[in-house]
Amino acid sequence: MTRGKQSSKRARRRVEVRYGPDQPQFIGYSGNVSRSGIMVRAIRVFAPGTVLNLELKFPDGTFQVRGEVVWAREGPVQFLSTGRVGMGINFLQPSAEFLGYLERAGAPR
């Protein structure tokens, strides 16, 4: 069952995510990921509608993808682990290679 307005089920997975509007310079960690998007736990958030360049570092591969922020919540670093601080990001035209990797890794559709 999906939660909220997500178009895909999300799998809980922690990977390092570098992100930024021009280049991936900030660091966060995924809270969950699917073929359509990712929740990034991070202190530095961007406003909804911002397009970000992402670099996702999985154990056996690193992928670059662009995404659009759909929600963002700021807060103290103590709230990072709770998922209350960070951003929800929808992927924009992810590559077939990236989608194939997510499918093989068991990410929900």
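Keep in mind that what you see is a predicted model, and the values were worked out from it rather than measured.
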Notebook entry, point to check: For Val33 and Val15, what are the C-alpha separation, side-chain angles and deciding distance, and is it a side-chain contact (heavy atoms from CB on, under 4.5 Å)?
Noted result: CA-CA 9 Å; Val33 64; Val15 297; over 6 Å; no
Under the side chain to side chain contact (heavy atoms under 4.5 Å, CB included) test, which residues partner [X], sequence neighbours left out?
{"X": "Gln23", "value": "Gln25"}
{"X": "Asp22", "value": "none"}
{"X": "Gln64", "value": "Glu55, Thr62"}

Please find the pair of heavy atoms, one from [X] and one from [Y], that lie closest to each other, and give the distance.
{"X": "Gly28", "Y": "Ala42", "answer": "CA-CB, 4.2 Å"}
{"X": "Phe58", "Y": "Leu102", "answer": "CZ-CD2, 3.8 Å"}
{"X": "Met87", "Y": "Arg44", "answer": "CE-O, 4.0 Å"}
{"X": "Pro48", "Y": "Ala72", "answer": "CG-N, 4.4 Å"}

Next item on the list: Let me know which of Val45, Ile89, Val69 forms a side-chain contact (heavy atoms from CB on, under 4.5 Å) with Val40.
Entry: Ile89
Separation between [atom1] of [X] and [atom2] of [Y], rounded to the nearest 0.5 Å:
{"X": "Leu54", "Y": "Ile38", "atom1": "CG", "atom2": "CD1", "answer": "7.0 Å"}
{"X": "Phe63", "Y": "Leu99", "atom1": "CZ", "atom2": "CG", "answer": "10.0 Å"}
{"X": "Arg18", "Y": "Glu16", "atom1": "CZ", "atom2": "CD", "answer": "4.5 Å"}
{"X": "Ile27", "Y": "Ile43", "atom1": "CD1", "atom2": "CD1", "answer": "13.0 Å"}

Item checked: For Phe46, ring pair (Phe, Tyr, Trp, His ring centres under 6.0 Å) partners two or more places apart -> Phe26
Margin query: So, using ring pair (Phe, Tyr, Trp, His ring centres under 6.0 Å) as the criterion, who are the partners of Phe91 when residues are at least two apart?
Written below: Phe98
Check: Are Val65 and Leu56 side-chain neighbours, meaning at least one heavy-atom pair lies under 4.5 Å?
Finding: yes
Margin query: Taking Gly37's backbone N and O only, do any of them form a donor-acceptor pair with Asn90's side chain (distance below 3.5 Å, no angle check)?
Written below: no
Notebook entry, point to check: Just by distance, do the side chain of Ser34 and the backbone of Ser36 share a donor-acceptor pair under 3.5 Å?
Noted result: yes
Note to self: Considering only residues two or more places apart or on different chains, which pairs with a residue in residues 59-80 satisfy salt bridge (Lys or Arg N to Asp or Glu O under 4.0 Å)?
What the structure shows: none
